[in-house]
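The structure presented is a predicted model; accordingly, all values stated were derived computationally and were not measured.
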Amino acid sequence: MGLYQRWQRLRLQGLQAYGLHTAVVSTPPHWLAERLGLFEELWAAQLKRLASMAQKEPRTIKISLPGGQKVDAVAWNTTPYQLARQIR
């Protein structure tokens, strides 16, 4: 489902209780369709880039932490949280 379809399904419930009203827009403004199209294009390129990185051979790297401690990590895989758990 594209972003435009998700945008159409968006329902802001409870706004009437605050005195706010929503208007139904039958067709989005031309700039919104252009921006959503650009976002979908960029998102597809990002997914392709992430998939190509995931296919690379994992390589072990050493990360130097403040205080001189060195920890092992896997490039493009180890998260900062995992590194923080290894700090002694």
Side-chain angles (χ1 to χ4, degrees):
M1 175 182 295
L3 286 178
Y4 175 68
Q5 287 82 16
R6 283 185 234 144
W7 177 76
Q8 282 184 321
R9 291 181 37 197
L10 179 65
R11 300 285 185 254
L12 301 175
Q13 299 173 357
L15 291 178
Q16 289 78 16
Y18 296 105
L20 302 173
H21 302 282
T22 58
V24 176
V25 178
S26 59
T27 59
H30 67 86
W31 57 265
L32 181 60
E34 290 173 14
R35 289 184 185 191
L36 290 176
L38 177 61
F39 176 82
E40 294 287 346
E41 192 178 310
L42 293 172
W43 182 247
Q46 177 70 2
L47 290 177
K48 185 177 179 181
R49 187 178 75 84
L50 290 174
S52 71
M53 285 188 338
Q55 292 177 353
K56 290 182 180 178
E57 187 71 29
R59 74 184 158 121
T60 304
I61 58 174
K62 289 237 183 238
I63 299 177
S64 299
L65 300 174
Q69 183 181 356
K70 294 186 188 262
V71 293
D72 291 328
V74 179
W76 300 104
N77 192 5
T78 303
T79 65
Y81 176 74
Q82 292 168 334
L83 290 175
R85 290 184 54 190
Q86 294 182 26
I87 296 174
R88 295 181 198 130

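- Around atom CD of Glu41, no more than 12 heavy atoms belonging to other residues, nucleotides or ligands sit under 6.0 Å away.
- Atom CG of residue Leu38 and atom CH2 of residue Trp43 lie 14.0 Å apart, to the nearest 0.5 angstrom.
- Under the 3.5 Å distance criterion, the side-chain polar atoms of Gln82 are matched with a main-chain donor or acceptor of Thr79.
- Put simply, CG on Asn77 and CD1 on Ile61 are 10.0 Å apart, with the number rounded to the nearest 0.5 Å.
- Rounding to the nearest 0.5 angstrom, the gap separating the CD1 atom in Ile87 from the CD atom in Gln69 is 6.5 Å.
- Once rounded to the nearest 0.5 Å, the distance linking CZ of Phe39 with CG of Leu32 reads 12.5 Å.
- Note on Val74 and Ile63: separate hydrophobic clusters, where clusters join Ile, Leu, Val, Met, Phe, Trp and Tyr whose side-chain heavy atoms are under 4.5 Å apart, directly or indirectly.
- Here CD of Gln86 is found 14.0 Å from NZ of Lys70. Values are rounded to the nearest 0.5 Å.
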